[in-house]
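In each ligand, atom 1 is the first atom listed, and ligand 1 is the first ligand listed. Hydrogens, waters and symmetry mates are skipped; everything else that's a heavy atom, side chains included, is used.
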Amino acid sequence: MRPNVVILAAGLGTRMRSRRAKVLHELAGRPLIAYVVRAALGVHPARLVVVLGHQAEEVRRVVEREVARSVGEESLRPRLLFALQQEPLGTGHAALVALEALSAEEGPPYPPISVDEGEALEQWQRWEEPSLWREPLVLLYGDMPRVRAETIAWLVAAHLEGHAAATLVTMQLEDPRGYGRIVRDAQGEVVRIVEETEAGPEERAIREVNAGLYCFDPKPLFGALRRLKPENQKGEYYLTDVVGGLTSVGYRVRAIRSEHSEELWGVNTRPDLARLEAELRREICARWMREGVTIRDPDTTWIDADVVIGAETVVHPHVHLEGETRIGEACEIHAWTRIVNSQLGDRVVVRNFTVIQESRIGNDVRIGPFAHLRGEVELADEVAIGNFVEVKKSWIGRGSKAMHLAYLGDATVGERVNVGAGTITCNYDGKRKHPTIIEDDVKLGSDTMLVAPVRVGRGAMTGAGAVVIRDVPEHTLVVGVPAVEKKRLKEDAEGSSSAR
Ligand code: UD1
Ligand code: CA
């Protein structure tokens with residue numbers, strides 16, 4: 001048995017007061033919808049249907065990416081379907097759109113009947129209901145990012161053993177505001193769900209609420225959805241009215257209560273988002289500490305959900321590790337550092353107030369304080385980048401150093417190069433960016449200006465304040481403005497030069 005799962009993600013999210021679809025807002029660096037998709041994939045659905053509306057294309061891309069990265073095995077990959085809800089007419093309408101998309105994809109819900117009577121009878125007898133209409137259908141909202149696969153599996157199991165047409169998860173809240181309330185009869189059976197806008201004072205006092213996580217027999221659901229009417233304050237089709245719709249015609253609806261209510265909180269407003277993020281951040285820090293990472297102050301450390309950190313690494317206060325960052329083992333990340341979508345090797349030391357974006361860094365590298373790797377930077381092992389050095393779109397070879405006040409952009413730097421204080425690649429001529437190549441064992445004097453495109457040959461040196469506008473031959477010292485050849489340099493056994 002593999003259930004089918006429907007995620008509703010078409011709403012505008014009016015209460016967020018945002019131009020961005022609510023499900024695209026991020027929690028610890030990942031869009032809300034990505035969390036819900038990952039949890040849904042945890043129950044290995046046969047089909048996953050996502051209802052799109054607001055910013056459909058962006059939401060679709062996030063969902064596709066999440067499915068691609070979460071499901072390794074081809075056999076466990078769900079059939080992924082998208083259904084477009086043209087107008088946000090309510091959760092009931094969104095669910096109907098999903099079921100229509102499913103039935104359009106998977107053939108009619110009822111057997112085909114031939115015009116020939118004899119054949120029709122035979123067809124009917126042979127017809128096997130497509131599994132879609134026999135498998136349980138899980139339905140959940142795209143704005144409940146903390147939901148766990150275990151909880152969805154628990155719901156499906158309860159549904160299968162419960163012999164009800166629908167099973168829904170409820171929670172008991174101190175403050176039930178904003179949620180649909182569960183109305184039960186004298187025997188404790190669920191009768192219907194009342195949305196807050198429709199509830200009278202007595203119903204409002206009910207603290208058992210609808211989490212927004214359901215499991216249905218698809219056929220009665222389909223029928224009940226078709227009978228929904230938007231007769232309420234908001235003029236929307238409420239999915240929750242399906243419960244009353246089913247019980248009123250004799251179906252049983254079962255409610256199971258979750259003890260982990262924080263997991264099922266929905267995000268409707270920005271304070272909701274901040275509250276969930278604070279909680280998630282604490283959990284992420286706790287997880288990495290269990291894995292052997294020292295986090296000196298979890299309260300001020302921000303680690304995004306997809307970050308990976310090696311054991312014995314020490315993270316100081318006020319560090320932000322974002323996106324798909326991976327940090328190796330035994331690194332030390334000092335305070336007020338921000339690292340975004342970057343990979344660091346082992347034993348890397350990043351000193352205070354450093355920003356590293358979209359970069360790849362080898363082992364035993366030292367960076368900062370106050371350094372900025374602005375993107376597409378590759379540092380080989382044992383590189384040292386010091387105070388107030390900015391590097392952009394550059395490759396720097398093993399053992400090279402730029403310790404003070406330098407800018408390296410569009411540069412390829414060889415091994416064992418020393419970049420003197422104040423050195424700058426003048427890579428932009430006002431119209432285009434040009435490359436600079438600095439070969440192995442070069443020593444650039446303080447305040448060298450490298451006017452790109454330019455190449456500094458292996459073992460060459462520049463004098464302080466040199467403005468290099470032409471390529472420098474190997475093992476040559478150039479000085480002045482513009483820089484001219486002063487002398488040839490002796491090459492020692494290791495290939496580096498020294499003045500004669
Ligand atoms: C809903 C439930 C409420 C429950 C609460 C749990 C209804 C009517 N109410 O209320 O009983 O306690 O969730 O968090 O279902 N969506 C669409 N299309 C639409 C409208 C919404 O796809 O036309 C999607 C949204 O993108 C969102 C989800 O459905 O992900 C829930 O919608 P939302 O407006 O947040 O419902 P709530 O008011 O929170
Ligand atoms: Ca909601």
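- Of the charged side-chain nitrogens involved, none lies within less than 4.0 Å of a carboxylate oxygen, so that R20 and E58 do not count as a salt-bridged pair.
- Applying the salt bridge (Lys or Arg N to Asp or Glu O under 4.0 Å) test between E324 and each of R360, R30, R69 identifies R69 as the sole match.
- Note on R275 versus E262: no salt bridge recorded, every NZ/NE/NH1/NH2 to OD/OE distance being 4.0 Å or above.
- Atom 16 (N) of ligand 1 has as its closest protein heavy atom G11 N, 3.6 Å.
- The pair K22-D143 meets the salt-bridge criterion, with a side-chain N (NZ, NE, NH1 or NH2) lying under 4.0 Å from an Asp/Glu carboxylate O.
- For the pair N268 and ligand 1, the shortest N or O to N or O distance falls below 3.5 Å.
- Taking 4.0 Å as the cut-off between side-chain N and carboxylate O, E291 and R287 do not count as a salt-bridged pair.
- Closest to atom 1 (C) of ligand 1 among all protein heavy atoms lies Y141 CE1, 3.4 Å.
- Taking the Ca ion (ligand 2) as reference, the nearest N/O/S atom within D143 carries the name OD2.
- Within 6.0 Å of the CH2 atom in W336, the count of heavy atoms belonging to other residues, nucleotides or ligands does not exceed 12.
- Using a 4.0 Å heavy-atom cutoff, G53 is absent from the residues neighbouring ligand 1.
- From the protein, the heavy atom lying nearest to atom 22 (O) of ligand 1 is A10 N, 2.8 Å.
- The closest approach between any non-hydrogen atom of V51 and ligand 1 is not below 4.0 Å.
- Ligand 1 has no N or O atom lying under 3.5 Å from any N or O atom of L239, backbone or side chain.
- Each of the following atoms of ligand 1 lies closer than 4.0 Å to a heavy atom of P88: 23 (O).
- Residues V51 and V97 come closest through the heavy atom pair CG1-CG1, 4.5 Å.
- In terms of protein heavy-atom proximity, atom 23 (O) of ligand 1 is nearest to G90 N, 2.8 Å.
- With ligand atoms numbered from 1 in the order given, ligand 1 contributes 22 (O), 26 (O) to contacts under 4.0 Å with heavy atoms of A9.
- A salt bridge links E208 and R184; the closest N-O separation between the charged side-chain nitrogens and carboxylate oxygens is under 4.0 Å.
- For atom 8 (C) of ligand 1, the candidate residues are D241, I182, L8, T91; the nearest heavy-atom contact is made by T91.
- Listed by number with element, the atoms of ligand 1 under 4.0 angstrom from any heavy atom of G180 are 3 (C), 4 (C), 11 (O), 12 (O).
- The shortest N/O to N/O separation between A94 and ligand 1 does not fall below 3.5 Å.
- Considering backbone and side-chain atoms together, Y214 places no N or O closer than 3.5 Å to any N or O of ligand 1.
- Note: no N/O pair closer than 3.5 Å links E87 and ligand 1 by distance alone.
- Residue-ligand proximity: R15 is placed with a non-hydrogen atom under 4.0 Å from ligand 1.
- Ring pair Y214/Y141 is perpendicular by interplanar angle, where above 60° counts as perpendicular and below 30° as parallel.
- For the atom pair L27 CG and R146 CZ, the distance stands at 7.0 Å (nearest 0.5 Å).
- Side-chain contact between E376 and K392 is absent, with no heavy atoms from C-beta onward closer than 4.5 Å.
- Considering backbone and side-chain N/O atoms, T240 never comes within less than 3.5 Å of an N/O atom of ligand 1.
- Without hydrogens or angle criteria, N427 side chain to K433 main chain gives no donor-acceptor distance under 3.5 Å.
- Nearest protein heavy-atom neighbour of atom 11 (O) of ligand 1: E195 OE2, 2.7 Å.
- Numbered from 1 in the order shown, with element, the atoms of ligand 1 that lie under 4.0 Å from a heavy atom of G142 read 30 (O).
- Atom 12 (O) of ligand 1 has its closest protein heavy atom at N210 O, 2.6 Å.
- Contact annotation: H54 has no heavy atom less than 4.0 Å from any atom of ligand 1.
- Taking a 6.0 Å sphere around CZ of R254, one finds it holds more than 12 heavy atoms contributed by other residues, nucleotides or ligands.
- For the pair E196 and R181, the salt-bridge criterion is met [side-chain N within less than 4.0 Å of a carboxylate O].
- Close contacts of ligand 1 with K22, meaning ligand atoms under 4.0 Å from a residue heavy atom, involve 35 (O).
- In this structure the side chain of L173 never reaches within 4.5 angstrom of the side chain of R207, judged on heavy atoms.
- The side-chain heavy atoms of W154 and I256, taken from C-beta on, include a pair separated by under 4.5 Å.
- Between R38 and D306, at least one side-chain N (NZ, or NE/NH1/NH2) sits under 4.0 Å from a carboxylate O, which counts as a salt bridge.
- Among the atoms of Y238, none of the N or O lies under 3.5 angstrom from an N or O of ligand 1.
- The residues R338 and E322 are annotated as salt-bridged, a charged nitrogen and a carboxylate oxygen being separated by less than 4.0 angstrom.
- Residue Q85 holds the heavy atom nearest to atom 18 (N) of ligand 1 of all those in M16, M171, E236, Q85.
- When heavy-atom distances to ligand 1 are checked against a 4.0 Å cut-off, M144 has no atom that comes that close, whether in backbone or side chain.
- Checking N268 against the Ca ion (ligand 2), an N/O/S atom falls under the 3.0 Å cut-off.
- Listed by atom number, the atoms of ligand 1 under 4.0 Å from A211 heavy atoms are 6 (C), 14 (O).
- Considering backbone and side-chain N/O of G266, none are found under 3.5 Å from N/O of ligand 1.
- Atoms of ligand 1 lying under 4.0 Å from at least one heavy atom of L89, given by number and element, are 23 (O).
- Close N/O approach between I193 and ligand 1 is not found [any backbone or side-chain N/O within under 3.5 Å].
- Put simply, no part of H93 is less than 4.0 Å from ligand 1, judged by heavy atoms.
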